[in-house]
Amino acid sequence: MSESVAILRQGRSDELSRLADEHLQHDLQASDRDKLNAAASSISLWTTVGSAVGVSLGLLAAIRLRGSRKAFFSAIRAQERPTKVIFEDGRSESIPDLTPLLKPTTLGDIATYFFASAGGLLLGGELGFAGGVATGTRTITKDPESKKRIETAFRKFRADVLRKQADALDKGVQDYVLI
């Protein structure tokens, strides 16, 4: 069970990062490592900025929505409403006042702010991540020779990971997955 939660898989991530560092040091030149670091920092920056913009826009949308709900309630409360309905046979029925049920509440405001900012965070973070990946990819693919070395190093890294997984499966280790 603890292996299904990503944060609890610390041993595996340590092993993966050690293996990746070995490949970075042996298979790549210093300029290649610099390009990979620049691409990673670009992705991080774009994701952070996108998340911040998304939360800001989500909060702005929540503020506007809250204002619209208050204005709607004020308009309904100010309207003159019928109090009873008279049917054709002369019978009359009173109409209940639903105005208190339409009143904006603090709980509704909290839910609006939470869900609007969470939606903005997700949307902005994903769009920022996509922009960062595009920028990072351009950084890596500028030089064809460097791109080829990086791809080769990544392929060797994946092959080593798969070998370690196969060894673990042969030894009978349950639920041992590196990637």
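Smallest separation of non-hydrogen atoms from F73 and T99: CE1-O, 3.2 Å. Closest non-hydrogen pair, R69 versus P104, comes out as O-CG, 4.1 Å.
You'll find the side chain of D21 stays beyond 4.5 Å of the side chain of R18, heavy atoms only. L19 is listed as a side-chain neighbour of V161, based on a closest heavy-atom distance under 4.5 Å. Looking at heavy atoms from C-beta onward, I95 lies out of side-chain contact with R81 at the 4.5 angstrom threshold. By the 4.5 Å heavy-atom criterion applied to side chains, K164 and D160 are not counted as neighbours. Looking only at side-chain heavy atoms (C-beta outward), S146 and R149 come within less than 4.5 Å of each other. In this structure, Y113 and I63 have side chains that are in contact, with non-hydrogen atoms separated by less than 4.5 Å. Within the 4.5 Å cutoff, no side-chain heavy atoms of S41 are placed close to those of L45.
In F72, the CZ atom is not crowded: 12 or fewer heavy atoms of neighbouring residues, nucleotides or ligands sit closer than 6.0 Å. Counted within 6.0 Å of CZ on F129, heavy atoms from surrounding residues, nucleotides or ligands total 12 or fewer; the atom is thus considered open. The neighbour count for R33 CZ, taken as heavy atoms of other residues, nucleotides or ligands under 6.0 Å away, is above 12.
Checked options K35, R138, K148; the residue passing with D143 is K35 (criterion: salt bridge (Lys or Arg N to Asp or Glu O under 4.0 Å)).
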